[in-house]
Every structure is written in C-alpha cells, then in structure tokens.
Amino acid sequence: MITPAQRLELSEQEILRRESLEALKELGINPYPAEKYDISHSSTEIKERFNDDEDFGEVSIAGRIMGRRIMGKASFAEMLDGSGRIQLYVNRDELCPGEDKTLYNTVFKKLLDIGDFVGVTGKVFRTQMGEISVEVKTLTVLSKAIKPLPIVKEKDGQVYDSFSDPELRARQRYVDLVVNAGVKETFVKRTKIINSIRSFFNEKGYLEVDTPVLQPIPGGAAARPFITHHNTLDIPLYLRIANELYLKRLIVGGFDGVYEFSRNFRNEGMDRTHNPEFTAMEIYVAYKDYNWMMDFTEAMLERVALDVNGSTTMKVGDQEINFQRPFKRISMIDAIKEHTGIDINGMDVPQLREVCDKLEVEIDDTMGKGKLIDEIFGEKCEHTYIQPTFITDYPVEMSPLCKKHREDPELTERFELMINGKEIANAYSELNDPIDQLERFQEQMKLADKGDDEAMFIDMDFVRSLEYGMPPTSGMGIGIDRLVMLITGMETIQDVLLFPQMRPEKGAEKDAVSKYTEAGIPEDWVAVIQKAGYRTLSSLKDAKPGKLHQEVCGLNKKHKLGLTNPKLDEVEGWLA
RNA sequence: GAGUCAGUAGCUCAGCUGGUAGAGCACAUCCCUUUUAAGGAUGGGGUCCUGGGUUCGAACCCCAGCUGACUCACCA
C-alpha cells in the first residue's frame with residue numbers, strides 16, 4: 001500500500017509505478033521473484049552470430065526494458081543487458097495464444113515501465129527495417145523499477161536528453177552506467193589496463209604482494225595523511241600515502257621483484273585530477289638501475305596500448321600519441337636549457353631565484369634548490385612533452401629516497417615519464433645506503449621545521465632494514481587513475497573512478513513524526529504539515545491557524561490522500 | 001583557499017525591460033498496420049535552491065546562505 005506520507009513525497013511517476021507494482025501482485029505476478037532465470041545468449045552474441053540464411057532458433061535473454069513503442073496489438077521494446085541493446089518484438093497473439101490477453105494488454109502494455117527487468121524467450125529474426133530482433137514468446141517479470149530512469153536517446157551519434165549533470169552522474173553512478181553509452185566501456189578499459197600490467201609483471205616472474213594500508217608511520221611520499229586510531233593498541237594509525245617503504249623491505253627480505261596495486265589516501269585538495277583515495281602501482285626489481293627501468297617501463301606501456309587498444313598509437317584530444325618504443329629521454333637540466341636557453345647546471349639558490357624572477361616563475365621563500373628547479377621545469381617544460389618522454393636526473397633535494405647520480409652528486413638517478421604534458425610514472429635507482437638514507441630523512445625534517453607540511457616522516461624501521469643490506473634496486477610507480485584517464489581520453493579523475501569521493505548529500509532538516517504527535521497533532525497529518533513547509537515543530541509556532549487549515553485541506557485534496565479534513569478549531573488546537 | 005558562472009517539471013533546457021510558469025523527452029487516457037531518438041490527439045505534473053529585502057507586483061533586481069560546475073593555487 002502507498003501511505004499518505006509517500007503520496008506527498010513521491011513524484012507522480014513514482015506513485016504510478018508503485019500502483020503498477022501492486023497491480024502486478026494482484027494478478028499473481030511476483031515483481032521480485034526468487035528463481036534464477038536461464039539465459040542462453042547475450043544480446044551482442046545474438047547480433048554478432050545472426051545470419052539471415054539460417055534459423056537462429058530459440059533464445060532466452062534478460063535485461064532492462066529501455067524503451068517501448070506500443071502500437072495496438074504489436075509492440076517493440078528495447079532491452080539492455082550486460083553486453084548491449086537488442087530489440088524485442090512483442091505481438092499480442094504470439095505472447096498470448098489463448099483467450100486471455102492479460103499478459104500483453106495489461107502486464108506488458110500498462111504495468112511494465114522503462115527500467116524494469118524482464119526475461120524473454122523467443123525466436124531471432126530481422127524486421128522489415130533491418131533490425132535484428134527477438135520475437136517474444138514468453139515474458140517473465142524479473143524486477144520492477146519504481147523510480148524512473150532518465151531517458152537518453154541516441155541516433156547517428158547524436159545524443160538527445162543526455163544525463164549530463166556531473167554531480168548526479170558521479171553520485172548515482174548506477175544510473176550513469178545504465179543510461180549513458182560508453183561509461184561502462186571506460187571502466188572495462190580500466191580493468192583491462194590493470195590486467196595487462198599485471199600479466200606483464202607476472203610473465204617476468206615478479207610477485208604481487210599486499211602491504212599494510214594502516215601504517216604507524218606514513219612513509220614513502222610527501223603528503224598529508226588521514227589519521228585514525230586503533231583502540232586496542234591505543235595508538236594513532238595512518239592510512240597509507242604510499243607503499244614504497246614496505247616493498248623495499250621485501251627486497252631486503254630477498255624477493256627479486258615485487259609489485260602492488262596500492263590504494264593510497266591523501267588528505268589534500270580535491271579537483272579534476274585529485275581524489276582522496278587513488279590507485280598507484282609500484283614495482284621494485286633487485287639488481288637493476290633506472291636505465292633498465294626505463295626500458296622496462298617502455299615495454300610495459302607499449303604492451304598496455306596493444307592489449308587495450310590493439311594499437312601503439314591513440315588519439316587524445318587533437319593529439320596522436322605513439323607508445324611505440326623507444327621513448328625520448330632527456331635530462332631535466334637539458335630540458336630546461338632546451339626550453340629557456342638557460343643552463344642552470346651548478347647554480348646555487350640565489351642564482352636560481354634570479355632565473356625564476358627572469359622567467360616569471362612564481363616562488364616563495366621556503367623553496368630550496370630542488371623545489372626551485374622543479375618549479376622552472378613544471379612551468380616551462382612539463383606541458384610540452386606530448387609524446388612519451390623520460391625526464392631524467394632530478395636534483396637531490398627533491399628525491400629523498402633516490403640514489404645519487406653515479407656521475408654527479410647534486411643529482412639523483414630518477415626519471416619521470418611525461419605523456420600528453422603530464423607526469424605518468426616516476427622511478428629511481430633506489431637509495432640503499434642506510435647512512436645516506438638517514439641523513440636525507442633528517443634533511444626532510446629540517447624542511448618540515450621550515451614549514452613544509454608535506455616533508456617526510458622518518459621511518460627508523462625502514463632505515464634499520466637498509467642497515468641489513470638491500471641489493472641495488474630500481475623501483476617505479478605509476479598513477480593508475482591518470483594512466484586510465486590518458487588511455488580512455490577522460491578529462492577528470494571522477495570519470496575513471498566508479499565512486500569518486502563526494503560531499504555527503506544533505507536532505508532538508510525535518511523533525512521526527514513523534515515530535516509532532518507529542519504536541520498533540522494526529523500522526524496522519526504530520527507529513528501534510530511538513531509538505532506545507534513546516535518541517536520542524538518550532539516553525540509551526542508562527543503559523544496562522546486559518547492559513548494552515550487551508551493549506552493542509554488543499555494538500556489532502558490535491559494528493560488524493562483520502563483523509564477527513566480537520567475542523568478549523570482542531571487546527572487551532574494543534575498550534576496551542 | 002580565491003575568482004567566474006549556475007540552480008525552473010522525473011531528465012535536458014527556454015523564460016525578453018519585473019506583469020497569470022513554458023518546450024522536448026518521460027508519464028496518463030484514447031487511436032493504431034513490423035516500429036526504431038515510432039506517430040497522432042488530449043491531459044496531468046512546479047517549494048522557479050533557501051531566507052531576507054526593494055516593489056502595487058519578483059523565477060527575474062539587491063543582500064545573505066546552501067549546493068554544484070569551471071578557472072587558479074597545492075598535492076599523484
């Protein structure tokens with residue numbers, strides 16, 4: 001039954017659907033049956049395998065009704081299953097060969113709606129318009145939708161009435177996935193990308209591992225962590241900002257190659273490229289250096305492009321990006337020289353500040369040498385690298401976990417991979433000198449004291465592990481969400497996350513029904529009073545009895561609530 | 001955190017200089033032949049984000065707030 005309170009809260013269409021739901025039950029049809037429904041084909045299988053010269057035979061398919069075109073005793077409907085859409089042809093006398101035409105006239109034409117799940121069996125054929133369709137012999141209601149879906153129609157690539165509000169799309173991803181073509185495909189691709197990377201690593205014999213998400217010291221990156229608390233231990237714990245230090249401990253422990261797809265958490269801003277939780281993949285391989293890792297990374301990405309797109313080239317916006325090996329390699333200092341004509345090699349902090357002023361690069365007083373160079377690069381060079389390019393040899397101050405360059409102690413053996421003007425991967429010859437590592441951590445602490453709230457914490461257990469000896473190792477990290485954005489051509493991280501973080505939905509505040517009844521207002525009328533705008537008991541204080549009386553009587557009539565209107569003096573009593 | 005713009009029917013959006021709230025799709029009723037973003041006719045559906053203010057009169061103007069989008073700054 002639909003209660004008066006529901007009648008007030010639901011839209012007309014929702015009420016109609018609930019009434020259809022009741023009507024189905026009265027006909028003895030369970031709108032939410034428990035039994036499984038056997039499916040013989042997916043819609044795409046049917047469309048792929050249908051051949052006009054052969055009898056396809058009977059099929060059994062199930063999915064959502066996404067559109068209906070009803071014409072007397074014959075109708076067409078569109079069914080959406082997990083693989084795509086297929087047209088159904090529903091003929092009254094095929095579906096109901098006997099005298100009783102209820103299933104067609106009442107159930108199909110009146111009680112079913114767009115969004116409902118049904119299963120059908122029937123024969124595959126091609127209509128006069130040339131569309132491969134299923135002629136429905138049996139129809140089973142599998143699940144009734146009591147909320148109408150947005151209707152999105154499409155013809156020749158032109159989309160009509162698209163469900164486009166970015167907030168609603170992300171908040172109600174289930175609706176987005178159902179009605180917007182291509183959304184599913186993005187997420188299928190995401191999984192394909194991850195699977196491709198995983199098989200590439202597994203084929204090389206590297207081991208996928210799990211390391212702690214709850215960490216006593218949030219290490220391995222410079223970022224503000226989420227803090228939580230463990231009751232039994234009575235200690236603070238942090239959600240991981242990176243898994244690097246744990247993977248390196250495993251290299252100390254004797255694994256030759258380990259990797260992890262790591263959900264990381266950073267308590268920082270949110271925008272089109274940042275979500276509080278995101279996925280990074282990190283891999284560490286013993287006895288390798290960053291030159292080897294560049295070759296390896298190239299091979300991995302070429303493989304991913306081939307696995308996912310079937311080609312090493314892909315269009316991103318106006319650009320065509322080529323993942324064919326080898327990628328361009330250039331040192332950071334050379335990149336800056338190339339784009340600004342200035343050779344910063346060997347410059348000290350005052351000189352670098354001068355360069356920044358000259359290039360109109362914004363800086364502040366807390367910035368050290370590494371940060372200054374990074375600013376110049378970020379401002380003048382980064383965005384120009386459209387084709388995959390390795391930028392190598394970063395300043396030592398920026399890379400506290402990275403080994404110093406074999407030829408220049410001012411630099412580190414680090415590379416970042418730029419594609420389409422953005423950083424996609426980051427890799428080092430890992431620092432395995434425990435004494436150097438401790439000093440670098442201490443440098444970070446000094447930065448923290450200077451006000452850099454992203455400087456790293458010191459993880460003494462990690463330093464201890466290095467003291468036991470870590471083989472020369474190269475590690476690489478890749479931002480999976482951003483890689484997926486690149487490969488799927490999506491412009492925001494929200495488009496490649498199924499459930500991006502959102503501000504909580506806030507319903508308008510309302511007092512509980514009991515608060516009203518305690519004040520002597522009959523329960524039946526509470527929802528009506530709230531609908532009239534008096535959502536809290538206190539807001540009712542200033543109400544004029546005459547006006548309130550008219551309002552509630554009006555709502556009773558308008559929404560066909562079937563309540564007996566109160567007398568004016570009764571309403572006065574509510575306000576007393 | 002700053003700036004710009006937006007919030008009107010279930011969805012997408014009009015709404016002029018302040019003067020009775022609109023369209024398409026969806027929905028309902030009726031008609032109907034294998035139709036295809038089906039068609040025809042008729043109809044129902046609104047807290048114009050919220051609260052103040054100005055005004056004879058506010059969806060529209062002013063102020064405050066809420067929510068969102070975009071741009072910028074920081075982080076991946």
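Treat the numbers as computed from the prediction; the structure is a model and nothing was measured. We name chains A, B, ... by the order of the sequence lines, and we start the count at 1 in each one.
- Sequence order on RNA chain B of the closest nucleotides to His274(A) and Gly67(A) puts Gly67(A) first from the 5' end.
- Heavy-atom distances to RNA chain B give each of Gln13(A) and Asn91(A) a nearest nucleotide, and the one nearer the 5′ end belongs to Gln13(A).
- Only the P atoms considered, C66(B) is 24 Å distant from U12(B), to the nearest whole Å.
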request  = Verify side chain to side chain donor-acceptor pair (under 3.5 Å) between Ser133(A) and Thr127(A), making sure each step is shown before the conclusion.
outcome  = CA-CA 7 Å; Ser133(A) 308; Thr127(A) 64; 4.6 Å; no
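- Within the 4.0 angstrom heavy-atom criterion, base atoms lie near Thr273(A).
- Leu149(A) comes within 4.0 angstrom of no nucleic acid atom, judged by non-hydrogen atoms across all strands.
- At the heavy-atom level, Arg17(A) lies nowhere under 4.0 Å from the strands shown.
- Here the separation of G57(B) from G68(B), taken at their C1' atoms, is 31 Å to the nearest Å.
- Side chains of Arg440(A) and Leu431(A) form a contact here, defined as non-hydrogen atoms less than 4.5 Å apart.
- Put simply, the side chain of Ser164(A) and the base of U12(B) share no donor and acceptor less than 3.5 Å apart.
- Between G68(B), U36(B), U71(B), one nucleotide has an atom nearer to the side chain of Arg272(A) than all others, and that is U71(B).
- At the heavy-atom level, Asn275(A) lies under 4.0 Å from base atoms of the strands shown.
- Taking the P atoms as reference points, C48(B) lies 11 Å from U8(B), given to the whole Å.
- Going from the P atom of C16(B) to that of A21(B) covers 14 Å, rounded to whole Å.
- Residue contacts shown for Phe125(A) include a base, since a base heavy atom lies under 4.0 Å away.
- Atom name P, nucleotides A6(B) and A14(B): the rounded distance is 10 Å, in whole Å.
- Using a 4.0 Å heavy-atom distance criterion, Asn264(A) is classed as making no nucleic acid contact.
- Among the protein residues, Lys110(A) comes within range of the sugar-phosphate backbone only, with heavy atoms under 4.0 Å from sugar or phosphate atoms but none that close to a base.
- In this model, the phosphate group of G39(B) is not approached by any side-chain N or O of Arg69(A) to a distance below 4.0 Å at OP1 or OP2.
- For the P atom pair drawn from C56(B) and G51(B), the interatomic distance equals 23 Å after rounding to whole Å.
- Nucleotide U50(B): paired with A64(B) (Watson-Crick or G-U wobble, both distances less than 3.5 Å).
- Gln87(A) comes within contact range of at least one nucleobase, with a heavy-atom separation under 4.0 Å.
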